[in-house]
Number of protein chains: 4
Amino acid sequence: MCAMKAHKAPNSARRNEQSRQAILTATRELIAEVGYAKVTIEAIASRAGVGKQTIYRWWPSKGFVVLESFVALIETEEGAVELPDTGDIEADLKLVMRETMEEFATPAFEAPIRALNTEIINDPALAEAYNEKLAAPTDEVMRARLRSARHAGQLSPDADLDLMAEMLYGPLYQRWLLRSGPLTPEFADGLVEAVLRAFGPRA
Amino acid sequence: MCAMKAHKAPNSARRNEQSRQAILTATRELIAEVGYAKVTIEAIASRAGVGKQTIYRWWPSKGFVVLESFVALIETEEGAVELPDTGDIEADLKLVMRETMEEFATPAFEAPIRALNTEIINDPALAEAYNEKLAAPTDEVMRARLRSARHAGQLSPDADLDLMAEMLYGPLYQRWLLRSGPLTPEFADGLVEAVLRAFGPRA
Amino acid sequence: MCAMKAHKAPNSARRNEQSRQAILTATRELIAEVGYAKVTIEAIASRAGVGKQTIYRWWPSKGFVVLESFVALIETEEGAVELPDTGDIEADLKLVMRETMEEFATPAFEAPIRALNTEIINDPALAEAYNEKLAAPTDEVMRARLRSARHAGQLSPDADLDLMAEMLYGPLYQRWLLRSGPLTPEFADGLVEAVLRAFGPRA
Amino acid sequence: MCAMKAHKAPNSARRNEQSRQAILTATRELIAEVGYAKVTIEAIASRAGVGKQTIYRWWPSKGFVVLESFVALIETEEGAVELPDTGDIEADLKLVMRETMEEFATPAFEAPIRALNTEIINDPALAEAYNEKLAAPTDEVMRARLRSARHAGQLSPDADLDLMAEMLYGPLYQRWLLRSGPLTPEFADGLVEAVLRAFGPRA
DNA sequence: GCTTAAACGAGACGGTACGTCACGTCTTAGG
DNA sequence: CCTAAGACGTGACGTACCGTCTCGTTTAAGC
């Protein structure tokens, strides 16, 4: 793992993969059971049947263990995730946004992501790892769909797809993370429509 | 303070205002000095020359102390904050966005806001207090300027100003909070232009 | 306790006497059960139903806890300990030496004294406290009996009673502590006879 | 080494003598530098440039490593150590006792002997090895000189030389080990004189 | 001289205990 | 009764070593 290199880089060849998996699994279970804030390194070690040092040896902080446990989960599930492409960018985006909102409302997803964000705010190193490992792939999926739409003439040829993606996710994310407003389908639809007005073919 | 009522409400009449101020000041200083995560109740009490119990008696958690210390600061400074209104909504927004970005880059502002966000993520009660005390007033200022622009015909008559405000702040906030990208003037400008395309008079 | 003053001296007035007794009792029990080397601060705290910090607050090291626990025991038992005085110093000393040997052979006594000696060897401060609190009173009892014998003409008028006491206890103690030889009645008798030849009336 | 046999007895033929020496040397150096209590197997291994297992393979505990390192040192220095024999047992003994006291005051000697005694107290197996390897030879040297004196008529024909040796060393050792009193020449002289009164020719 | 089993250096591992920190509660003494 | 002070039980921290257990890599004996 790249972000780990800065940590210590012990001889990875000798690393016990069984222990690593046990730690990541225990971490996931504990977050689901008691919530991130109450998860302790000691509890993870105990649950995983591992010495504390084995955690401290390979991860610089609780945040990185959580991040890696989450990344491991994602990597398992997905193979090649893609957004739906019906040819109708507006419909597709509205669908995706609603699905994202629902995902956020799922406790199994919500708890660990909130957990990570808590740490990311105060830990730039973790933020970097997070953006690289979790956010970037998600964003890339979105950009791929937007590229397809632009190619199909549904977006202005010079539409800034990066900005577009941020305008779609940013307000949604803020509402969710800071609970500054309800996550309704109307909100999602309004957001998609506004963004398409900004980057549509005639703009 | 509203959010306090749920806590305990001892006899407020007897409350020592000097101690209260000392606590809020100490809290602000400590956050600026060592960062939110490392601020402890014991350190606040010690710095303020106050017993720990005096803090526990009046605030339900560290987050609320921090919130109140920050609210106190804001309330002191501001009287009637308003956005500039030159008549040119695009120029005004670009200016405001740039200023907001600069504010975020100021350590004295950054540290406590990050601090609050850390707590808000996992504490709905605190989030509510935060949104009510800090976010709402800021948003209202923005909405007032947008209303003025709509009235001047620079925005579509049916522009959803709440959504517009969120589309302006959301992407900016996300980049800052999660460090998912650089806060450049170009980013601010592009964001403003896109939002105005979405809600401009012909839309 | 004198030796404690150098440690920290928190406000002793607030000290919880119940906790103190529980700690000393737990310490004694644990030493008897598992031996000094295997007694840990954590085990003492746990057994006493006390926080570790409460031990660290009042004692500078495990050795001092053990010492105080032992002193407390001694102070309870004894009121005015005296050696027997039948008028026959040789008989009395032989009796005392045999009793001391038997005491040393009792696990309940042996374990804690070995414990203390382990620490004393490498801790001058503890050694001082030990000599003052435990050794000195024991020696004084011996010297009192020797004084009586000298007064009765059973010892040379210029007999050095301090040296005499050390010559009685020293070889015995060494055999016991370092297991350099068996603790037999013959050894005790021979030792007493030799010392009396050295300090007897005609010497 | 005899005490080692009970341990494991790997194929000694293959033993790396360089590693053995490096371990013993590192042990001595570390004891001198940081004191016995703070010497760890890991530190010895690291300093000696040796794997931990190489220590555990050949010695049953830290105490035995220290003992052997000390024995090795002694064996190097001495060839045939003997006490001076001027024909005057009192003068010779006083000289030897003073020299012993000075040796005890030398940090290079004091630290490791204290170290060993710490372990001996609680480890009968180590005590046995210690008495056999270090104490017995020293005592035999003393007994040889006493035998010579008895033969020369300076001691009673039936003087118990073992007891005599213990009466000479015991009080001295106790004062030193437990710091129960100062090691002065006067103390040494008084001790020798008393012992000689007890075992002199007319006794 | 080639083979092969050991001893070796290195160091990861599951553990235990360390001494420290901060938590939130409770107790004391003073105004 | 509120307050400053701070002791208390609790529990997690991150570190240090323990003694065991692989890993390749020497290395020296016996074929």
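All values reported here derive from a predicted model rather than from experimental measurement. To find a chain, count down the sequence lines: A is the first, B the second, and so on, and within it residues start at 1.
Across the protein-nucleic acid pair, C:R47 atom CZ and F:dG9 atom P stand 17 Å apart, rounded to whole Å. Rounded to an integer number of Å, the gap from A:I44 CD1 to F:dG14 C1' is 14 Å. The separation between C:Q18 atom CD and F:dG9 atom C1' is 13 Å, rounded to whole Å. Following rounding to the nearest Å, D:E17 (CD) and E:dC8 (C1') show an atom-to-atom distance of 15 Å. Counting to the nearest Å, the P atom of E:dG19 and the CH2 atom of C:W58 are 19 Å from each other.
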Annotated protein contacts, base or backbone, on nucleotides 18-31 of chain F with a non-hydrogen cut-off under 4.0 Å, one of B, S, - each:
BBBB-B----BS--
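Taking 4.0 angstrom as the limit, B:S19 places none of its side-chain polar atoms (N or O) nearer than this to OP1 or OP2 of F:dC2. Side-chain nitrogen and oxygen atoms of C:W59 include none within less than 4.0 Å of the OP1 or OP2 phosphate oxygen of E:dG19. Residue A:R57 places at least one side-chain N or O closer than 4.0 Å to OP1 or OP2 of E:dC13.
In plain terms, the two heavy atoms of B:A43 and B:T40 that are nearest each other are N-OG1, 3.0 Å. When every heavy atom of A:L116 is checked against every heavy atom of A:G63, the shortest pair comes out as CD2-O, 3.8 Å.
Residues in residues 113-123 of chain A take part in these salt bridge (charged side-chain N to carboxylate O under 4.0 Å, His left out) pairs, two or more places apart or across chains: A:E110-A:R114.
You'll find the side chain of D:Y130 reaches within 4.5 Å of the side chain of D:I113, heavy atoms only.
Of the two residues near DNA chain E, A:N16 and B:K38, the one whose nearest nucleotide lies more 5' is A:N16.
Surrounding CD of D:Q18 are at most 12 heavy atoms belonging to other residues, nucleotides or ligands under 6.0 Å away.
A salt bridge links A:E42 to A:K52: one of the charged nitrogens lies within less than 4.0 Å of a carboxylate oxygen.
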